[in-house]
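Report on one structure; see the data block that follows.
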2 protein chains.
Amino acid sequence: MAQRNILQFIILGLINERPKTGYDLTKDFDYAIGEFWTAQHSQIYPQLKSLETKGWLSHTEEISGEKLNRKRYAITTTGQAALSHWLSTATAHPTNGKDEFVLKLYFLHDQNDARLRPMLTAQQADHEQRRDHLRRQLATKFPNGSDPHDFGHFLILDHAVRREEEYCQWLQAALEQLPKGASK
Amino acid sequence: MAQRNILQFIILGLINERPKTGYDLTKDFDYAIGEFWTAQHSQIYPQLKSLETKGWLSHTEEISGEKLNRKRYAITTTGQAALSHWLSTATAHPTNGKDEFVLKLYFLHDQNDARLRPMLTAQQADHEQRRDHLRRQLATKFPNGSDPHDFGHFLILDHAVRREEEYCQWLQAALEQLPKGASK
DNA sequence: TTAAAACATGTAATTAATTACATGTATAAA
DNA sequence: TTTATACATGTAATTAATTACATGTTTTAA
C-alpha cells in the first residue's frame, strides 16, 4: 500500500459536519483544511463512490433550477464508527513536509553565493503575504480567541499562522546572517 | 504531469557535492535532507539511470573486497547546468504540508471532547523528543553557529529545529486552552 | 441581454511514491 | 566462527495525486 488512504477519513470527517456535495468538499480543501491537506475534485468524486460502496456514505439527489442534478452525501452510522475509529488511532509523526525551496538553499553551501539573497527575499515576500492573510483570517473568524464549539478550526488556523510566522522568522534570521557587502 | 520531478534535481545536487552511490544517496535522505524531502532507494536507483540517459550523470564501477560491485555516479557539465538552472528558478509556495494529526484535531470540533487531551499530550511527547534530537544535532554540527562553508546545511537544520519548536509551542498553547476539570 | 463566474460532476492519462519482492557481499562484534 | 548489521542494487505491484480532458447549468453583474 502506498499510503493508508487518509483522504477517505478526511472526506468522512467533512461530511460528518453536515451532508455535502462533491463540490462542497472541493471548496473545503481550498479553505482552512487546505493548509494541511489538499485534494482535487478528480480525487474526491471517485472517493465518494467508493465510500458509498463501503456503506460509509449515502447520497440523495437534489434538483436545483430546471435540471441541474446534484448529489448530496450524508454519513451513515457505520461511517461514523469508521471516522471515530480513525480519530482515536495513534497518529505517526508527519513524514511529508516536502519543501522545494529549502532543498535549493541546502545546495547553495556557500554563504557568499550571490543567488542566496534574492532567493531569500523573494520567499520572504511570499511567506509574509501568506502570514498576513492567515492572521487576518484568524482575526476575522475568531475575534475573541478560541471558540469552544469550533475549537478544531481555531487550532488549525492558529497553527497555520504560527507556521508561517516561524517561516518568516527563519528567513529573516538567514538574511541577517548574510555578509553585509556585495555578494561577490 | 503529476509533478515536475523535483527528485532528479535533489539527486543532482547531492551528487554535485561529491560523487556518490545510490546507497549514499539513500542515506542522505535519512539525514538533514530528510526533514524536508524523502525518497526510498526504489525511487533513487531508477532515477540515477534516467539521469545518466539524459547525460546529466555518469558512473564508474568500483570493486570493494572480492566482488562487490558498486556504481559511483558523478555529475557532468550538462548536469551542473541543469542543477544551476533549477536553483535559480523561482520556487512556488509549498503546496504539500500534509499533516494527518492536524486534520484529526480539526474534526474534534468541541473543546470538551474527551479525546482531545490524550491526543495532544501524545503528540507533544513525540514532537518534544524530535525537537530535542534536532537541537542536539544542530549543537553538534554547528557548535559556533553558522558555518560560512556549509551554510545551507545550517539553514536546513535551523529551520527543522524552529519548525519543531513551533509545533511544540502550538500543542502547549492548545493544551492550556483545554478546560481544567475532567473532560465530560 | 450577454458574458463571466460560480456551480456541478465526472473520466483518462500520467507521474510520484510507497511497499513488497528479490538477492547478494563485506565487516565488525560476540 | 557465526551471526548480526551495514553495505549494495535492483524490479514489481500498488496506491496516491496531479493535470488534462470533457460537459453542462445557474447565477450574478456589467
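Protein chains get the first letters and strands the later ones, always in sequence-line order, with residue 1 at the start of each.
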What about B:S42: does its side chain form a donor-acceptor pair under 3.5 Å with the base of C:dT19? yes
Parallel, tilted or perpendicular: which fits the ring planes of A:F101 and A:Y167, with parallel below 30° and perpendicular above 60°? tilted
Can you see if the side chain of A:Q43 gets near the phosphate of D:dT18 - specifically, an N or O under 4.0 Å from OP1 or OP2? yes
From NE2 of A:H41 across to C1' of D:dA17 the rounded distance in Å is 13 Å
Whole-Å distance between D:dT15 C1' and A:R4 CZ? 14 Å
For B:Q47 and D:dG10, what is the distance between atoms CD and P respectively, to the nearest whole Å? 14 Å
How long is the line joining OH of A:Y23 and P of D:dT23, in whole Å? 20 Å
Using 30° and 60° as the class boundaries, would you call the ring planes of A:F36 and A:H159 parallel, tilted or perpendicular? parallel
Select from A:L7 and B:K49 the residue whose nearest nucleotide in DNA chain D is closer to the 5' end of that strand. B:K49
What is the distance, to the nearest angstrom, from the CZ atom on A:F9 to the P atom on D:dA16? 11 Å
How are the rings of B:F151 and B:F154 set to each other: parallel, tilted or perpendicular (split at 30° and 60°)? parallel
Protein-nucleotide distance (A:E62, atom CD; D:dT25, atom C1'), rounded to Å: 15 Å
Is the distance from OP1 or OP2 of C:dA16 to the nearest side-chain N or O of A:K98 less than 4.0 Å? no
Are the aromatic ring centres of A:H153 and A:Y31 under 6.0 angstrom apart? yes
Residue mapping more 5' on DNA chain D - nearest nucleotide basis, B:K71 or A:Q40: B:K71
Could you check how far CG of B:L25 sits from C1' of C:dA17, rounded to whole Å? 17 Å
Rounding to an integer number of Å, can you tell me how far B:D24 CG sits from D:dC7 P? 9 Å
